There are 2 protein chains.
Amino acid sequence: MLRVSKLTDYATVVMTVLAAADSSQSDSVLSAQDLAARARLELPTVSKLLKQLAHAQLVESFRGVNGGYRLARTPERISIAEIVTAMEGPIGMTECSAHAGMCDHEPHCGVRVNWQRINQAIAAALAGVSLADMLKTPPRRNVTIPLRVAS
Amino acid sequence: MLRVSKLTDYATVVMTVLAAADSSQSDSVLSAQDLAARARLELPTVSKLLKQLAHAQLVESFRGVNGGYRLARTPERISIAEIVTAMEGPIGMTECSAHAGMCDHEPHCGVRVNWQRINQAIAAALAGVSLADMLKTPPRRNVTIPLRVAS
DNA sequence: TCTAAATAGTACCATTTAGGTACGCTTTAG
DNA sequence: CTAAAGCGTACCTAAATGGTACTATTTAGA
């Protein structure tokens, strides 16, 4: 089915909530609890994923009373590709195309190089969508992202 | 890590082997055993995935002695998207974007529509690569696939 | 200085799913 | 009639996923 993990899915939702808060008021630091409520997710789940996002420096964390999280950059400058990578590691459709030397068949496998090219295409697609885009529920306009694929 | 299953990965390898045989000699029906040997995979694994590919009518199967499998179409007319769909069902990065009504948060989830658009972009990328392309190990030329993403 | 609110870190458990295996049935060329 | 080959089903193991719990640490404010 070609999917991302639920955690990654939830991460995009939480990031979208953060982005919405970010554009509405300035200095909007939201606690994990608050974010969980707004995203309608469990608190432990939200904390877990926020930790990972903080490590990847996509959000800033503040400890102590009145602490919480805030986007590290503007929504326009955070892409879905970054969120996916933060949650799941390097984008790669197959084991071998993400990490070399993991597959016994690597020496005599003709398709590996082509998978790497497909990965690049998909990474480009993901990089072309920003958090700000995710906020816009009704589609406004369409842009054409040039996507280079070998053929 | 955004991956397809190993079975799907193997399916592309086996399909590539079939495509190679297809272009080299005519009426090339290969047995599952033969394919397993050429792809360096286990026979049961190969049979399993060939069955699925046959159901999706990407390969034709022939029973009985001297039976085996053959591509249902020319390699140029079979895309990676079709193989992925045959093996994993409808392409969807998140549960909700592939099948509606599976997620409790659907009513108040703003990102769903956008994930559907991302899916379409990725499906387009996968549809843009044919089996014939996978045969070409050294990249010849680059084409630009127009990829429509909302922004 | 103490307390409560918050994140950080770690470890653990349960469920699902992927991947592999086995076995018996059916078809068909020779 | 037989052997080679695909077809179908069921089962089993192992690993990844996602959820939970507990503890430590930080910090604003009374």
Side-chain angles (χ1 to χ4, degrees), chain A residues 1-11 13-14 18 27-37 39-70 72 84 87-89 92-95 98-99 102-105, chain B residues 1-11 13-14 18 27 29-37 39-70 72 84 87-89 93-95 102-105:
Chain A
M1 201 227 275
L2 181 67
R3 62 169 162 231
V4 296
S5 75
K6 276 192 190 176
L7 255 278
T8 305
D9 186 5
Y10 295 161
V13 175
V14 170
L18 273 172
D27 193 34
S28 49
V29 172
L30 299 183
S31 70
Q33 218 161 24
D34 195 352
L35 283 168
R40 324 222 178 190
L41 296 170
E42 298 299 321
L43 172 59
T45 305
V46 171
S47 330
K48 193 182 210 173
L49 102 221
L50 280 168
K51 238 176 293 178
Q52 284 185 252
L53 293 171
H55 272 132
Q57 298 184 308
L58 293 180
V59 300
E60 287 177 312
S61 67
F62 301 93
R63 301 178 68 160
V65 182
N66 298 331
Y69 296 89
R70 186 175 60 183
V84 171
M87 300 301 297
E88 321 206 345
M93 302 280 287
T94 59
E95 190 64 43
H99 316 279
M102 285 280 135
C103 176
D104 300 338
H105 312 96
Chain B
M1 201 228 274
L2 181 66
R3 63 169 160 230
V4 296
S5 75
K6 276 192 189 177
L7 253 280
T8 304
D9 186 4
Y10 296 161
V13 176
V14 169
L18 274 172
D27 194 36
V29 173
L30 299 184
S31 70
Q33 218 162 24
D34 195 352
L35 283 168
R40 321 220 180 191
L41 296 169
E42 298 299 321
L43 171 60
T45 306
V46 171
S47 327
K48 192 183 210 173
L49 100 220
L50 279 168
K51 235 176 297 178
Q52 285 185 252
L53 293 171
H55 271 131
Q57 298 184 307
L58 293 179
V59 300
E60 287 177 311
S61 66
F62 301 93
R63 300 177 69 159
V65 183
N66 298 331
Y69 296 89
R70 186 175 60 184
V84 171
M87 300 301 297
E88 321 207 345
M93 302 280 287
T94 60
E95 190 65 44
M102 285 281 134
C103 176
D104 300 338
H105 310 98

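Computed over heavy atoms, backbone and side chain alike; hydrogens, waters and symmetry mates excluded. This structure is a prediction, so every number in the text was calculated from the model and none was measured. So that the names make sense, note that chain A is the first sequence line, chain B the second, and so on, each numbered from 1.
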Requested in this report: To the nearest Å, give me how far apart NZ (Lys48(B)) and P (dC11(D)) are.
Outcome: 14 Å
Query raised in the report: CD of Glu88(A) versus C1' of dT17(D): gap in Å, rounded?
Result: 11 Å
**Report entry** First encountered from the 5' end of DNA chain D, between Lys51(B) and Glu42(A)
**Finding:** Lys51(B)
Query raised in the report: Can you tell me how far P of dC7(D) sits from CD of Gln33(B), to the nearest Å?
Result: 14 Å
Report task. Flag the pair Leu50(A) / Val14(A) as yes when at least one side-chain heavy-atom distance between them is below 4.5 Å, and no otherwise. Result -> yes
Query - Side-chain N,O (Ser47(B)) to OP1/OP2 (dC7(D)) below 4.0 Å - result: no
**Report entry** Of Leu7(B) and Ala32(A), the one whose closest DNA chain C nucleotide lies more 5'
**Finding:** Ala32(A)
**Report entry** Separation of dG8(D) C1' from Arg63(B) CZ (nearest whole Å)
**Finding:** 9 Å
Requested in this report: Round to the nearest Å and state the distance from Leu41(A) atom CG to dT20(D) atom C1'.
Outcome: 16 Å
**Report entry** pair Glu88(A)-Val4(A): side-chain heavy atoms closer than 4.5 Å
**Finding:** yes
Query raised in the report: Are Tyr10(A) and Thr45(A) side-chain neighbours, meaning at least one heavy-atom pair lies under 4.5 Å?
Result: yes
Requested in this report: Check whether any side-chain heavy atom of Leu53(A) sits under 4.5 Å from a side-chain heavy atom of Met87(A), and report yes or no.
Outcome: yes
Report summary line: Ser5(A) has its side chain closest, among dT27(D), dC7(D), dG18(D), to dG18(D)
Query - Candidate pair Val59(A) and Leu18(A), rule side chain to side chain contact (heavy atoms under 4.5 Å, CB included), full reasoning - result: CA-CA 9 Å; Val59(A) 300; Leu18(A) 273 172; 3.8 Å; yes
Report task. Taking only the side-chain heavy atoms of Val65(A) (C-beta and beyond), determine which of dT9(D), dT27(D), dG6(D) contains the nearest atom. Result -> dT27(D)
**Report entry** Rounded interatomic separation in angstrom, taking NZ from Lys6(A) and P from dG18(D)
**Finding:** 7 Å
Requested in this report: With a 4.0 angstrom cut-off to heavy atoms of chain B, pull out the first and last contacting nucleotide of DNA chain C, in 5'-to-3' order.
Outcome: dG19(C) to dA29(C)
Requested in this report: Return the minimal non-hydrogen interatomic distance between Val29(A) and Asn66(A), and the atom names on each side.
Outcome: CG1-O, 4.4 Å
Query - Nucleotide dC7(D), atom P - distance to CD of Gln52(B) in whole Å - result: 12 Å
Requested in this report: Provide, to the nearest angstrom, the distance between the CZ atom belonging to Arg70(B) and the P atom belonging to dG6(D).
Outcome: 14 Å
Query raised in the report: Can you check whether Ala54(A)'s main-chain N or O pairs, donor with acceptor, with Glu60(A)'s side chain at less than 3.5 Å?
Result: no
